[in-house]
2 protein chains.
Amino acid sequence: MRAIGPEAAPDLRLPRYLQIRDDLMRRICARAWSDGQPLPAEDRLAGEFEVSVGTVRKALQVLVAEGMLERIHGKGTFVTRAFERISMMRFVRFSEEERRELPTTRCLNLEVGDGPPEARTRLGLAAREKLLSIHRTRACGKEVILSEHVWLSHKRFAPLEAYLKKESPPLLYPVYDSLCGVLVSRAMDELTMVPLPARDARVFGLAAGTPAIRIERLMTDPSEQPIEWRVSYVTQARFHYAIESR
Amino acid sequence: MRAIGPEAAPDLRLPRYLQIRDDLMRRICARAWSDGQPLPAEDRLAGEFEVSVGTVRKALQVLVAEGMLERIHGKGTFVTRAFERISMMRFVRFSEEERRELPTTRCLNLEVGDGPPEARTRLGLAAREKLLSIHRTRACGKEVILSEHVWLSHKRFAPLEAYLKKESPPLLYPVYDSLCGVLVSRAMDELTMVPLPARDARVFGLAAGTPAIRIERLMTDPSEQPIEWRVSYVTQARFHYAIESR
DNA sequence: GAGTGGTCTAGACCACGGT
DNA sequence: CCGTGGTCTAGACCACTCA
């Protein structure tokens with residue numbers, strides 16, 4: 001997906017329908033049509049862009065394929081809200097219990113600072129930029145099943161700091177959208193097996209060095225900008241990861 | 001993806017372009033165009049189906065989106081061969097070394113019988129149907145990194161039995177295609193951590209019960225029929241699984 | 001140059017959702 | 001009923017590949 005800046009001019013070398021797609025994308029990201037309000041109808045857009053309806057349709061089809069828009073026959077074309085796009089658990093892939101019932105979440109630590117170098121690299125942060133570091137646990141009943149570290153650009157996620165001091169939402173992605181206007185779009189997961197670090201071992205009540213699964217995740221937004229770096233640990237007994245691919 | 005039988009008649013209630021898509025799909029599965037031979041050009045197909053070129057284009061676009069066809073500007077429209085679709089290691093995601101160099105594969109056991117009930121269930125096999133069971137190892141150099149059990153319908157994969165008695169190909173999916181005419185299209189993986197069963201422990205030279213990652217995989221063909229059930233074990237030290245999702 | 005797919009037009013008619 | 005998107009047509013011109 002192309003990155004579209006706020007004042008991007010259309011790339012005239014592109015086919016017209018892709019220029020229109022880029023323009024619409026920019027306006028979608030700028031929240032031009034929100035809260036269930038439909039986009040202008042095809043013929044209006046065709047008039048605005050001074051192309052035929054077919055060309056507008058092609059631009060809209062691309063955005064539908066990219067998951068940005070939904071079209072409802074007889075009603076209109078709508079922006080797919082991030083909350084729906086996540087469809088609750090789109091990127092949540094752990095045990096069955098977790099799927100039936102969201103685990104309770106507790107925030108153990110929340111700080112602003114330099115953070116680990118690896119997180120800075122992954123997020124592509126500038127030298128002076130601060131990082132928001134979050135350490136959370138997820139538990140089913142009384143049993144802690146996941147120890148999770150999240151790193152975010154403090155600049156981009158400034159409102160989150162105050163929010164997380166009061167609330168412990170089970171899922172962060174909808175909050176990224178509603179609070180910080182950040183849509184998540186792609187996840188890259190990497191699983192390895194490692195000895196449990198001491199601070200994570202403590203939350204499970206286990207000895208440091210106990211074998212555990214480490215799940216790294218880099219999330220990007222629709223412009224392919226990295227937005228979140230996450231490292232989770234799960235103990236072997238509770239480990240369950242399911243994925244479908246084509 | 002809709003299941004298309006060999007003598008399926010088009011569903012007249014469907015839009016014309018989907019009827020055409022179904023018809024082309026049936027012919028693709030019947031190997032109407034193979035070995036890099038292109039499909040007839042758009043205008044030929046339009047003539048054959050007695051529709052306009054635009055309608056044929058729409059059918060072709062659907063098949064491209066489904067990964068069945070590839071279109072090359074100026075050359076033609078081609079069936080995406082399973083071998084390319086798998087892109088060598090599409091579902092094989094272990095260490096970096098393996099990515100650079102295919103692991104050597106050894107077949108330890110090959111038999112035809114009832115197989116385990118779970119494999120029968122997953123493959124949706126009829127009561128009397130026989131199962132082809134394969135136990136293989138994959139090694140980098142002398143170190144065995146994977147113990148792999150594969151179950152297939154013996155009826156559908158009959159030619160494979162004789163072939164595997166002589167050959168140990170590093171990847172089975174291209175053989176499924178070339179030998180048995182079976183295209184793989186979708187994989188569902190499920191990862192858990194379990195004690196190593198005795199027969200798998202032996203191939204690693206480890207004690208039974210050593211913790212290991214178990215990877216279950218159900219593969220389906222383009223008609224969503226299950227074709228392969230696979231259970232692999234990897235030792236914790238060599239475990240590395242990477243996945244991207246949207 | 002011949003043949004292919006890629007883009008685009010300016011219409012047509014239909015099916016669906018709400019009034 | 002009107003306005004929406006869904007399907008389809010019969011062309012046009014362009015860009016790419018290969019002989």
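Order of the sequence lines sets the chain letters (A, B, ...), proteins ahead of strands, with each chain counted from 1.
- The separation between A:Leu60 atom CG and D:dT4 atom C1' is 13 Å, rounded to whole Å.
- Shown here are the ring pair (Phe, Tyr, Trp, His ring centres under 6.0 Å) partners of B:Tyr176, two or more places apart in sequence or in another chain: B:Phe157, B:Tyr173.
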I'd like a list of close polar pairs between nucleotides 6-8 of chain C and the protein, N/O only, cut-off under 3.5 Å.
residue	atom	partner	partner atom	Å
C:dG6	OP2	B:Arg57	NH2	3.3
C:dG6	OP2	B:Arg71	NH1	3.2
C:dT7	OP1	A:Tyr17	OH	3.2
C:dT7	OP2	A:Lys58	NZ	3.0
C:dC8	OP1	A:Arg16	N	2.6
C:dC8	OP2	A:Arg16	N	3.4
C:dC8	OP2	A:Tyr17	N	3.1

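- The residue among A:Val53 and A:Gly74 whose nearest nucleotide of DNA chain C is located toward the 5' end is A:Val53.
- The distance from atom CG of B:Leu45 to atom P of D:dT9 is 14 Å, rounded to the nearest whole Å.
- The separation between A:Gln37 atom CD and D:dT4 atom P is 14 Å, rounded to whole Å.
- Put simply, B:Lys75 has a side-chain N or O that comes within less than 4.0 Å of OP1 or OP2 on D:dC18.
- When the side chain to side chain contact (heavy atoms under 4.5 Å, CB included) test is applied to A:Thr55, the partners found at least two apart in sequence or on another chain are A:Arg16, A:Tyr17, A:Ile20, A:Val51, A:Ser52.
- Residues forming a side chain to side chain donor-acceptor pair (under 3.5 Å) with A:Glu129 (at least two apart in sequence, or on another chain): A:Ser153.
- Between the CD atom of B:Glu50 and the C1' atom of D:dT9 there is a distance of 14 Å, rounded to whole Å.
- Applying the side chain to side chain donor-acceptor pair (under 3.5 Å) test to A:Arg71 and every residue at least two apart in sequence or in another chain returns A:Glu42, A:Thr77.
- Applying the 4.0 Å criterion to OP1 and OP2 of C:dT4, one finds that B:Arg44 has a side-chain N or O inside that range.
- Between B:Arg27 and B:Glu48 a salt bridge is recorded (basic side-chain N to carboxylate O distance below 4.0 Å).
- Between B:Leu39 atom CG and C:dG3 atom C1' the separation is 16 Å, expressed in whole Å.
- Checked against side chain to side chain donor-acceptor pair (under 3.5 Å), B:Thr220 has no partners two or more places apart in sequence or in another chain.
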